Each structure stands twice: as structure tokens, then as C-alpha cells.
Amino acid sequence: MAEPTSDSPESPFLPIFETFRKEIDEHHERRERVIKASRDITASSKKIIFTLHRLRTIGQPLPDHIAKANKPYTTDITTKLTLIAPDLQGQNADRYARQISSGLQEYIEAASFQYYLETGTLLTYTTAASNVRDLCTDDAKVELGYEDYILGLYDFTGEVMKFGITAMAISGTIPVSGPGRTLLTDLRTIRARLEGVRFGGSPVAREVDKKAEVMRVSVEKVEKALYGLTVRAGERPKGWMPSDGDGGRGEGVEV
């Protein structure tokens with residue numbers, strides 16, 4: 001059998017597979033960029049949340065030192081979203097939705113928490129989606145999905161719980177968020193609204209179930225903490241919180 005030589009004709013299928021190889025390489029490069037950006041956005045968002053927990057009131061503008069401390073993290077989020085926005089256009093927005101999801105959820109958690117502390121109200125989807133687009137400084141924009149917004153709100157309730165319990169431990173009262181409203185009434189309202197959202201056979205349904213349970217526990221923790229400050233305030237020193245060994249009528253609060 002004759003050995004092939006350099007003069008052998010090139011296979012007509014070779015250019016097709018070269019195209020496939022190029023498309024696959026580009027796919028993996030885009031995917032890795034989105035994953036890395038999502039992780040960086042998550043990290044910066046967590047740092048924003050950590051800084052916001054220094055506050056003790058609701059419905060006031062951010063103090064200058066808090067805004068200044070969070071500026072580098074917001075800048076980093078802007079940089080990362082602008083970088084990957086071209087990779088999330090057209091059909092690629094759905095193709096890489098899972099890879100960017102965790103970063104967007106964490107950003108919504110941070111943005112919602114800040115908005116609540118500043119205004120005493122909930123960040124709407126319309127405003128949140130507009131904020132995400134505005135963070136992209138070039139022509140290409142990242143679009144916020146409804147699922148990432150809702151999942152971010154579930155996590156947001158956990159931060160409100162931590163903020164509320166810390167504030168109660170320090171001041172002895174539950175934070176007021178508006179006329180006739182407190183942090184607890186807000187949490188109960190958000191819980192009721194989120195429990196009314198149905199995802200059916202959506203891929204995020206299982207994740208929603210897990211986050212919904214965590215949200216319910218968060219609300220219960222605030223309720224039990226407030227119980228310890230009001231019903232039993234006369235027999236406990238200021239700053240006391242329910243503990244595991246308190247006769248089964250309270251439980252430890254994890255912050």
C-alpha cells in the first residue's frame with residue numbers, strides 16, 4: 001500500500017473541522033471569562049455588603065466614609081461587567097446565563113441591601129435591571145434575568161435579618177423603616193410576596209425552594225429576637241438576646 005506523500009490532496013473536510021475547532025476554542029475562552037468575572041463580581045459584592053453592615057439606621061443616605069469604602073468594589077463590578085458584556089449578547093446571553101448567574105445574584109443582594117438601607121423600600125426589578133445596564137460603560141450591555149433578580153432578593157432577606165438583629169442587640173429596639181413600618185414588617189411582606197412566586201418546571205425551581213426555606217428561618221430569627229426584647233424585656237438586661245438554653249422558648253441567633 002502506497003504511503004501518503006506531501007503531494008497528496010488535502011481532505012475537503014479539513015477546513016470544516018478547522019472551523020469547528022475555532023468555534024469550540026472561542027466558546028471555552030468566553031465561558032472562562034464569564035466564570036472568572038462572575039467570581040470577581042461575587043467577591044466585590046460581598047465586600048460591599050460587609051461594609052454596609054457598619055450602618056445602624058434605615059432611610060438615611062450613605063455616610064461618606066461608607067460610600068468611599070465601597071467605591072473600589074463598585075468600580076471592580078463595573079469593570080468586570082463591561083469586560084464580559086460582549087460575550088453575553090444574542091444567543092450567548094442564554095448560553096452563558098448559568099455562568100454569570102451567581103455574580104448577578106450576589107450583586108442584586110448587595111444593591112438591594114444598600115437601596116433598602118438608604119430608602120427603606122425594595123429595589124424593583126426595573127431599577128435593578130437598569131442599574132446593571134448602566135454599569136456596562138460600553139455599547140454592549142448585560143441584561144438582568146428575572147430569575148437572578150428573585151434569587152438575589154431571597155439572599156437579601158438574610159442580610160436584612162443580620163442587620164436587624166445586630167441593631168436590636170445594640171439599641172434595644174427594632175429598626176423603623178418608614179411610617180408604621182419596621183424591619184420585621186418589611187421582612188414579613190417580602191416573605192409573603194416571594195412565597196407567591198411560582199417557578200413551575202423552571203431550572204431554578206430547586207434553588208428557589210432552598211432559598212425560600214432559608215428566608216423563612218431568617219424571618220423567624222427576627223421574630224424571636226424581637227420577642228426577647230419586648231415580652232420579656234422587664235426580666236432581662238439591655239442587649240440580651242434569646243439563647244439555646246432559654247427554656248425552649250427562644251433559640252440562638254446566628255448573625
Side-chain angles (χ1 to χ4, degrees), residues 33-55 58-90 92-94 96-160 162-163 177-178 186-187 189-190 193-194 197 204 207-208 211 215:
R33 278 197 301 269
V34 173
I35 289 174
K36 185 180 185 306
S38 181
R39 289 172 178 168
D40 291 340
I41 292 168
T42 297
S44 292
S45 297
K46 287 182 180 295
K47 291 174 182 177
I48 290 174
I49 292 171
F50 181 81
T51 305
L52 291 173
H53 273 295
R54 300 177 190 173
L55 300 175
I58 299 175
Q60 300 293 329
L62 287 185
D64 290 340
H65 70 281
I66 296 294
K68 183 177 180 180
N70 276 339
K71 186 175 180 180
Y73 309 136
T74 303
T75 300
D76 183 62
I77 293 173
T78 297
T79 300
K80 296 306 187 298
L81 285 175
T82 302
L83 173 68
I84 62 171
D87 296 324
L88 297 173
Q89 302 303 303
N92 285 339
D94 294 326
Y96 305 113
R98 183 177 179 183
Q99 283 69 41
I100 191 59
S101 179
S102 60
L104 290 177
Q105 288 180 42
E106 196 71 34
Y107 168 74
I108 291 302
E109 180 181 355
S112 298
F113 188 38
Q114 177 172 323
Y115 192 83
Y116 180 71
L117 293 180
E118 289 182 302
T119 68
T121 59
L122 187 65
L123 180 69
T124 65
Y125 170 76
T126 301
T127 301
S130 177
N131 289 348
V132 171
R133 287 192 292 269
D134 290 343
L135 286 170
C136 303
T137 57
D138 291 338
D139 292 338
K141 306 296 182 182
V142 174
E143 296 296 332
L144 176 67
Y146 287 106
E147 293 87 353
D148 292 331
Y149 170 74
I150 293 295
L151 292 171
L153 287 187
Y154 276 111
D155 295 332
F156 152 75
T157 60
E159 300 306 327
V160 175
K162 295 174 187 177
F163 174 86
S177 56
D186 290 343
L187 275 179
T189 300
I190 295 170
R193 298 292 175 83
L194 288 177
V197 178
V204 301
E207 189 174 0
V208 167
K211 289 180 181 285
M215 175 190 66

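We number each residue from 1, following the sequence as shown. Since this is a predicted model, take the numbers as computed values, not measurements. We use all heavy atoms of the structure for the numbers below, so side chains are in, but hydrogens, waters and symmetry mates are not.
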Side-chain donor/acceptor of [X] to backbone N/O of [Y], under 3.5 Å:
{"X": "Thr75", "Y": "Lys71", "value": "yes"}
{"X": "Thr127", "Y": "Leu123", "value": "no"}
{"X": "Ser130", "Y": "Thr126", "value": "no"}
{"X": "Ser44", "Y": "Ile41", "value": "no"}
{"X": "Lys141", "Y": "Cys136", "value": "yes"}
{"X": "Gln89", "Y": "Ala85", "value": "yes"}

Please round to the nearest 0.5 Å and tell me the distance separating atom [atom1] of [X] and atom [atom2] of [Y].
{"X": "Met215", "Y": "Thr157", "atom1": "CE", "atom2": "OG1", "value": "6.0 Å"}
{"X": "Leu62", "Y": "Asn70", "atom1": "CG", "atom2": "CG", "value": "7.5 Å"}
{"X": "Ile150", "Y": "Glu207", "atom1": "CD1", "atom2": "CD", "value": "12.5 Å"}
{"X": "Leu144", "Y": "Leu135", "atom1": "CG", "atom2": "CG", "value": "11.0 Å"}
{"X": "Glu109", "Y": "Ile49", "atom1": "CD", "atom2": "CD1", "value": "3.5 Å"}
{"X": "Asp76", "Y": "Leu81", "atom1": "CG", "atom2": "CG", "value": "9.5 Å"}

### Task
Take Asp138 and Thr82 through the test side chain to side chain donor-acceptor pair (under 3.5 Å) and record every step on the way to the result.
CA-CA 6 Å; Asp138 291 338; Thr82 302; 5.7 Å; no
Taking all non-hydrogen atoms of both residues, which atom of [X] and which atom of [Y] are closest, and how far apart?
{"X": "Val132", "Y": "Tyr107", "result": "CG2-CE2, 3.7 Å"}
{"X": "Val142", "Y": "Arg133", "result": "O-CG, 3.6 Å"}
{"X": "Pro86", "Y": "Leu83", "result": "CD-O, 3.4 Å"}
{"X": "Ser102", "Y": "Thr42", "result": "O-OG1, 3.6 Å"}
{"X": "Ile77", "Y": "Ser45", "result": "CD1-OG, 3.6 Å"}
{"X": "Ile108", "Y": "Ala128", "result": "CD1-CB, 3.8 Å"}

Show every donor-acceptor pair shorter than 3.5 Å between a side-chain atom in residues 114-121 and any protein atom, with sequence neighbours excluded, or say none if there are none.
from   : atom 1 : to     : atom 2 : distance (Å)
Tyr116 : OH     : Asp186 : OD2    : 2.6
Thr119 : OG1    : Tyr115 : O      : 2.7
Thr119 : OG1    : Thr121 : N      : 3.1
Thr119 : OG1    : Thr121 : OG1    : 2.7

### Task
Start with the C-alpha gap between Thr51 and Tyr73, add the side-chain angles, then the distance that decides, and say whether side chain to side chain contact (heavy atoms under 4.5 Å, CB included) holds.
CA-CA 10 Å; Thr51 305; Tyr73 309 136; 4.2 Å; yes
### Query
side chain to side chain contact (heavy atoms under 4.5 Å, CB included) between Asn92 and Asp87: does it pass, once the steps are laid out?
CA-CA 7 Å; Asn92 285 339; Asp87 296 324; 6.0 Å; no
### Message
Please determine whether the number of non-hydrogen atoms from other residues, nucleotides or ligands lying under 6.0 Å from atom CZ of Arg33 exceeds 12.
### Response
yes
### Query
side chain to side chain contact (heavy atoms under 4.5 Å, CB included) between Leu194 and Val208: does it pass, once the steps are laid out?
CA-CA 10 Å; Leu194 288 177; Val208 167; over 6 Å; no
### Query
When the ring planes of Tyr125 and Tyr149 are compared, do they come out parallel, tilted or perpendicular, using 30° and 60° as the limits?
perpendicular
### Query
Between Phe163 and His53, what is the ring plane arrangement, given parallel below 30°, perpendicular above 60°, and tilted in between?
tilted
### Task
Run through Leu122, Val160, Leu153 and flag the one making a side chain to side chain contact (heavy atoms under 4.5 Å, CB included) with Ile190.
Leu122
### Task
Applying salt bridge (charged side-chain N to carboxylate O under 4.0 Å, His left out) between Glu106 and each of Lys80, Arg39, Lys47, Lys46, report the one that passes.
Lys46
